A.B. asks: 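Quick one: structure below, then a few questions.
Everything numeric here is computed off the predicted structure, so don't read it as measured data. First the proteins, then the strands, lettered A, B, ... as listed; each starts at 1.
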Protein chains: 2
Amino acid sequence: MKKNIQKAYCAVDYAFQRIGGKYKGRILWVLREGCLRYGELNRAVVGITPKMLTQTLKELEADKLIIRKVYLEVPPKVEYSLTDTGMELIPFISQMRSWGEKRMSAS
Amino acid sequence: MKKNIQKAYCAVDYAFQRIGGKYKGRILWVLREGCLRYGELNRAVVGITPKMLTQTLKELEADKLIIRKVYLEVPPKVEYSLTDTGMELIPFISQMRSWGEKRMSAS
DNA sequence: CGGTATCCGCCGAGATACTG
DNA sequence: CAGTATCTCGGCGGATACCG
């Protein structure tokens with residue numbers, strides 16, 4: 001029922017809405033080698049505030065790119081990790097980083 | 001050094017600031033097979049307004065991802081095409097589209 | 001044809017403080 | 001430790017009209 005041409009272009013939009021923004025790419029990237037706790041993410045993603053971290057994590061979780069695992073302990077412990085879908089994006093982000101690094105040093 | 005660590009993460013930022021936004025990816029994508037005129041772009045990128053088209057084209061040109069070529073004719077003629085740097089991004093955008101299409105049909 | 005010029009709403013993001 | 005709660009602001013993007 002959808003117009004094929006529009007759908008084709010919207011796929012770019014769709015993808016960028018999910019990994020665009022200021023922190024999504026960086027969060028996915030630091031999670032590439034395994035799960036991290038909230039506080040660890042807060043330190044790994046330099047400059048992010050708790051508000052933006054929580055907000056971004058919720059969006060990534062809603063898009064099924066990361067998994068939020070809560071341990072019912074005291075003190076509280078929450079771990080975040082990539083889903084299979086999220087891992088599919090790592091090669092792409094890796095290439096973007098390479099491109100960005102090359103461009104940054106060139107200019 | 002701290003500088004290196006920050007630079008590493010910022011490369012993701014750097015790249016996304018250049019191809020993020022609502023239309024940059026789509027404009028680069030439609031230019032992948034050759035140059036297009038302003039009016040052609042306006043029709044190819046469905047839904048974009050002249051204001052956003054002009055604004056986005058200027059940003060892409062400033063980042064040296066596209067080239068703006070003006071023909072001194074009447075009526076006026078302006079053609080936009082990818083630079084080598086811009087062409088380097090096409091494989092990434094292609095991957096993004098594939099990923100986006102897969103995800104869109106999955107959900 | 002290939003743009004500008006306004007006006008404006010929305011929301012991503014920062015700063016700061018507080019909580020179970 | 002792992003988050004909320006407000007307040008604020010810039011700017012992205014939409015709508016519309018006009019120009020050389």
Side-chain angles (χ1 to χ4, degrees), chain A residues 6 9-10 12-31 34-63 65-81, chain B residues 6 9-10 12-31 34-63 65-81:
Chain A
Q6 286 196 351
Y9 288 121
C10 286
V12 180
D13 257 10
Y14 180 93
F16 274 103
Q17 281 170 19
R18 267 142 196 90
I19 65 167
K22 190 164 184 179
Y23 299 109
K24 285 186 178 178
R26 289 169 65 187
I27 289 176
L28 293 173
W29 181 248
V30 298
L31 285 175
C35 56
L36 288 177
R37 301 178 62 174
Y38 184 90
E40 293 172 328
L41 280 170
N42 208 5
R43 271 170 266 122
V45 182
V46 179
I48 197 170
T49 59
K51 177 199 156 192
M52 287 310 298
L53 180 54
T54 301
Q55 183 178 310
T56 309
L57 288 171
K58 280 182 180 172
E59 291 174 14
L60 290 173
E61 192 194 3
D63 287 332
L65 301 182
I66 63 171
I67 293 172
R68 181 174 183 270
K69 187 170 184 182
V70 182
Y71 295 84
L72 294 177
E73 305 173 354
V74 177
K77 177 179 174 184
V78 182
E79 281 184 344
Y80 295 89
S81 56
Chain B
Q6 287 196 350
Y9 288 121
C10 286
V12 181
D13 255 13
Y14 180 93
F16 274 103
Q17 279 170 22
R18 267 143 195 90
I19 65 168
K22 190 164 184 178
Y23 299 108
K24 285 186 178 176
R26 289 170 65 187
I27 290 176
L28 294 173
W29 181 248
V30 299
L31 286 174
C35 55
L36 288 176
R37 301 178 61 175
Y38 183 89
E40 292 172 329
L41 281 169
N42 209 3
R43 271 170 265 119
V45 182
V46 178
I48 197 170
T49 59
K51 177 198 155 192
M52 285 312 296
L53 180 55
T54 301
Q55 183 177 310
T56 308
L57 287 171
K58 280 181 179 170
E59 291 175 14
L60 290 172
E61 191 193 3
D63 287 332
L65 301 183
I66 63 171
I67 293 171
R68 181 174 184 269
K69 186 171 184 184
V70 181
Y71 295 84
L72 293 177
E73 304 174 355
V74 177
K77 179 178 172 183
V78 183
E79 281 185 344
Y80 295 89
S81 57

A.B. asks: Nearest heavy atom decides the nucleotide; on that basis, is A:G21 or B:V78 closer to the 5' end of DNA chain C?
C.D. replies: B:V78
A.B. asks: Under 4.0 Å from OP1 or OP2 of D:dC1: is there any side-chain N or O of A:R37 that close?
C.D. replies: no
A.B. asks: Under the side chain to side chain contact (heavy atoms under 4.5 Å, CB included) test, which residues partner B:V74, sequence neighbours left out?
C.D. replies: none
A.B. asks: Hey, which sits more toward the 5' end of DNA chain D by its nearest nucleotide, A:E79 or B:K22?
C.D. replies: A:E79
A.B. asks: Counting only side-chain heavy atoms from C-beta out, which of C:dG14, D:dC1, C:dG2 sits nearest to A:P75?
C.D. replies: D:dC1
A.B. asks: A:I66 CD1 to D:dA2 P: how many Å, rounded?
C.D. replies: 14 Å
A.B. asks: At how many degrees, to 10°, do the end axes of the helix from C:dC1-D:dG20 to C:dG20-D:dC1 meet when each uses five pairs?
C.D. replies: 60°
A.B. asks: Quick one: does A:R26's side chain have a donor or acceptor within less than 3.5 Å of a partner on A:A44's backbone?
C.D. replies: no
A.B. asks: Can you tell me how far CG of A:D63 sits from CD1 of A:I19, rounded to the nearest 0.5 angstrom?
C.D. replies: 11.0 Å
A.B. asks: For the side chain of B:K77, starting at C-beta, report the closest nucleotide among C:dG2, D:dA2, C:dA13.
C.D. replies: C:dG2
A.B. asks: Out of curiosity, B:L31 CG to B:E79 CD, how far, rounded to the nearest 0.5 Å?
C.D. replies: 10.5 Å
A.B. asks: Starting from P on C:dC1, measure out to CG on B:L57 and report it in whole angstrom.
C.D. replies: 17 Å
A.B. asks: From D:dC1, D:dG20, D:dG14, pick the nucleotide closest to the side chain of B:P76?
C.D. replies: D:dG20
A.B. asks: All N/O contacts under 3.5 Å from nucleotides 4-6 of chain D to the protein, with atom names and distances to one decimal?
C.D. replies:
residue	atom	partner	partner atom	Å
D:dT4	OP1	A:K58	NZ	3.0

A.B. asks: For A:E61, give me all partners under side-chain hydrogen bond (donor to acceptor under 3.5 Å, both in side chains), at least two apart in sequence or on another chain.
C.D. replies: none
A.B. asks: Could you tell me how far apart A:Q55 (CD) and D:dA2 (C1') are, to the nearest whole angstrom?
C.D. replies: 16 Å
A.B. asks: Find the distance between CG (B:L57) and CG (B:L41) and round it off to the nearest 0.5 Å.
C.D. replies: 6.0 Å
A.B. asks: Using modelled atom types only, decide if a donor and an acceptor are shared between the side chain of B:R68 and the backbone of B:K58 within a distance under 3.5 Å.
C.D. replies: no
A.B. asks: Report the residues that fulfil side chain to side chain contact (heavy atoms under 4.5 Å, CB included) with A:Q17, sequence neighbours left out, ordered by chain and then residue number.
C.D. replies: A:D13
A.B. asks: Figure out the CZ/C1' separation between B:R26 and D:dG13, and round it to whole Å.
C.D. replies: 13 Å
A.B. asks: For B:E59 and D:dG11, what is the distance between atoms CD and P respectively, to the nearest whole Å?
C.D. replies: 12 Å
A.B. asks: Just the rounded figure in Å: distance from P of C:dG3 to CZ of B:R43.
C.D. replies: 13 Å
A.B. asks: So, using side chain to side chain contact (heavy atoms under 4.5 Å, CB included) as the criterion, who are the partners of B:E59 when residues are at least two apart?
C.D. replies: B:K24, B:Q55
A.B. asks: Output the rounded distance in Å from CD (B:E73) to P (C:dG3).
C.D. replies: 13 Å
A.B. asks: Find the distance A:L53:CG to D:dC1:C1' and express it as a whole number of Å.
C.D. replies: 13 Å
A.B. asks: Classify B:Y80 by what it touches in the nucleic acid, base, sugar-phosphate, or nothing, heavy-atom distance under 4.0 Å.
C.D. replies: sugar-phosphate
A.B. asks: Can you run down the side-chain hydrogen bond (donor to acceptor under 3.5 Å, both in side chains) pairs that involve residues 38-50 of chain A, sequence neighbours left out, and say none if there aren't any?
C.D. replies: A:Y38-A:T54
